[in-house]
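As the structure is a prediction and not an experimental result, all values here were calculated from the model.
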Amino acid sequence: MHATVAGVFFAFGVGIGLWGGAAGAILARAHIDSAAFGVILTAYTAAYLVAMSAGGALAHAFGVRKVLVVGAIAFGAALCALLNARTAATVGGILIGSGLLGGVVDVTMNAEGARIERRLGRPILARLHGAASAGMTIGAILGSLIVASAAPWAAGLTAALGLGAAGLAYGRAAMGEAELAKVALPSAARGLSFAPALIGLGIVIGVSIAAETAAALWSTILLRAEAPALAAIAGLGAAFFSACQATLRFNADVIRLRFSDRRIIFGSFAVAAAGFAVVAAEGGFAQSVAGFALIGIGTGAIVPCGFALAARQTGTQPAIGLSSASLFGALTRLPAPLATGAIAQSFSLPLAFAAFAVALAAAAAGMAVFARRNASVTRTV
């Protein structure tokens, strides 16, 4: 059962990676410029967030197993259509639709992972997310290679078959488990907290996810522009980003035993900011790939550590802390693709990455202030 859920995470990552690796070629084929891509990505992000919020209601009505199996198969089909789209209208429409389906799969597979974690009595979620990052590593390089080959349609087929097979394997393993009949997912908390600490943590989480999205989806565009002759391996940026992130997440529990969540987040932001600065310096293909690897290392632990801190801010009601941080994080990351596209179109994509470096450095400074104030309050109490 644990293995089949990990398979869904892995297939999900492969699908996202295939899109990330092929995005530059597909956007060029559909004549979509940076500004238009920013608008489409903003709509995609909004659809994804709406779907994650609705996922709990769907699982409660139909059961996690059915929603996750159907969602995985449908998401694979949507990615297959997206990877074969040839016009701006079809890319935009299908990407928004895949955002709705991807959001549902995301929240239900995480809910199932959390359920298994509670049953096993040991942490596994970080490793499940590591499996998704590992899948993205493979998908990203495959995406850029396949889309430049004589059979570009194979990228979509790979996504559809992978997610379909993973969904069906999970469905067979989960069949008959009473716990999966109808459950309410923890994403639907009974209230929200507007405590400054939770707003700050939400912003921290949102900035990190926005940075991850930029590295995964804009990297191939940058690398294709820097080295057109290497377009077939432009997915290396997203691949190295995902591989480094996966390595960190597989070892996140060990790191958290040695350092506090606040220290980890502060250091992670500093590393990620350095990675974006390396990319923004326009030092060539190899240097940019190295920069994306740094971004992967830097962003690997921020989200899990941020949510762990958020859960502790509301005492005996951790769901309120998680829900509040999720909301503030969503509001933070929503305009990021639009801003990235606008800066890239009006100035340059490296300048947009430089803006991320500044934002991450500011987030690191904010996290340091939060840690000092929190420590002062603890000593006072």
Same apolar cluster (I L V M F W Y, side chains within < 4.5 Å links), I40/I26 = yes
Discussion item. Tell me whether L79 shares a hydrophobic cluster with L168, the cluster being built from Ile, Leu, Val, Met, Phe, Trp, Tyr side chains joined at under 4.5 Å.
Written reply: yes
When rounded to the nearest 0.5 Å, the distance separating CE of M109 from CZ of F75 is 8.5 Å
Show your working on side chain to side chain contact (heavy atoms under 4.5 Å, CB included) between I221 and L27 and close with a plain yes or no.
CA-CA 9 Å; I221 299 172; L27 295 176; 3.5 Å; yes
On a heavy-atom basis, the closest approach of T90 and R86 is OG1-N, 3.7 Å
| said: Strictly distance-based, threshold 3.5 Å: is any side-chain N or O of T220 a donor or acceptor partner for the main-chain N or O of A22? | reply: no
inquiry  = If you count heavy atoms of other groups shown closer than 6.0 angstrom to CZ of F240, is the number above 12?
reply    = no
Parallel, tilted or perpendicular: ring planes of F356 versus F276, cut at 30 and 60 degrees
parallel
Next on the checklist: Applying a strict under-4.5 Å side-chain criterion to I, L, V, M, F, W and Y, I'd like to know whether W19 and I138 cluster together.
Outcome noted: yes
Short side-chain to backbone donor-acceptor contact, S346 and I343, under 3.5 Å: no
Can a side-chain donor-acceptor contact be found between Q245 and S133 if the only test is distance below 3.5 angstrom?
yes
| query | Do R333 side-chain atoms and F328 backbone N/O form a donor-acceptor pair below 3.5 Å? | reply | no
CG (L68) and OG1 (T108) are apart, to the nearest 0.5 Å, by 4.0 Å
**Request:** Measure from the side-chain N and O atoms of D33 to the backbone N and O of A36, and report whether any donor-acceptor pair falls under 3.5 Å.
**Result:** yes
Original post:
Are any side-chain N or O atoms of S242 and backbone N or O atoms of A239, one a donor and one an acceptor, separated by less than 3.5 Å?
Top reply: no
key: ILVMFWY network linking V105 to V70, side-chain heavy atoms under 4.5 angstrom   = no
Quick one: do C305 and R256 satisfy side chain to side chain contact (heavy atoms under 4.5 Å, CB included)? Show the steps, please. CA-CA 8 Å; C305 290; R256 290 183 67 199; 4.0 Å; yes
Pair up each side-chain donor or acceptor in residues 283-296 with any protein partner under 3.5 Å, not counting sequence neighbours, and list the distances.
residue	atom	partner	partner atom	Å
Q287	NE2	V278	O	3.1
S288	OG	E226	OE1	2.8
S288	OG	E226	OE2	3.1
S288	OG	G284	O	3.1

* To do: Could you tell me whether the side chain of L230 reaches within less than 4.5 Å of the side chain of L223, counting heavy atoms only?
  => no
What one should report as the nearest heavy-atom pair of S268 and I302 is CB-CG1, 3.5 Å
- Message: Quick check: is V107 connected to L49 through a chain of hydrophobic side chains (ILVMFWY, heavy atoms under 4.5 Å apart)?
- Response: no
_Intermediate values then yes/no, side chain to side chain contact (heavy atoms under 4.5 Å, CB included), I255 and L248_ = CA-CA 9 Å; I255 296 170; L248 194 88; 3.8 Å; yes
All heavy atoms of G113 vs all of I124, minimum pair found to be O-CD1, 3.8 Å
*asked:* Assess whether a salt bridge exists between E212 and R249, defined as any Lys/Arg side-chain N lying under 4.0 Å from an Asp/Glu carboxylate O.
replied: yes
Does any non-hydrogen side-chain atom of N84 lie less than 4.5 Å from one of C80? yes
Here the pair of heavy atoms bringing F12 nearest to G102 is CE1-O, 3.8 Å
Value for CZ (R224) from CD1 (I233), rounded to nearest 0.5 Å, stands at 12.0 Å
Is T4 reaching over with its side chain to a backbone N or O of A169, donor-acceptor style, under 3.5 angstrom? no
In this structure, CD1 of I94 is separated from OH of Y44 (nearest 0.5 Å) by 13.5 Å
Problem - Exceeds 12 heavy-atom contacts within 6.0 angstrom, atom CZ of R29 - result: yes
Between the OH atom in Y48 and the CD1 atom in I96, the distance rounded to the nearest 0.5 Å is 15.5 Å
Minimal heavy-atom distance between F241 and T299, with the atoms involved, is CE1-OG1, 3.6 Å
Sub-3.5 Å donor-acceptor pair from the side chain of S144 to the main-chain atoms of A232, do we have one?
yes
Atom pairs and distances, donor-acceptor, side-chain atoms in residues 198-211, under 3.5 Å, two or more places apart:
none

Smallest heavy-atom separation, A47 atom then L100 atom, equals O-CD2, 3.5 Å
Rounded to the nearest 0.5 Å, the OG1 atom of T340 sits from the CG atom of L41 at a distance of 8.5 Å
* Asked: Heavy-atom distance under 4.5 Å between the side chains of S34 and L349, does that happen here?
  -> no
| field | Between F353 and W218, ring centroids under 6.0 Å | value | no
Side chain to side chain contact (heavy atoms under 4.5 Å, CB included) for F37 and V91? Distances and angles first, verdict last. CA-CA 10 Å; F37 187 45; V91 169; over 6 Å; no
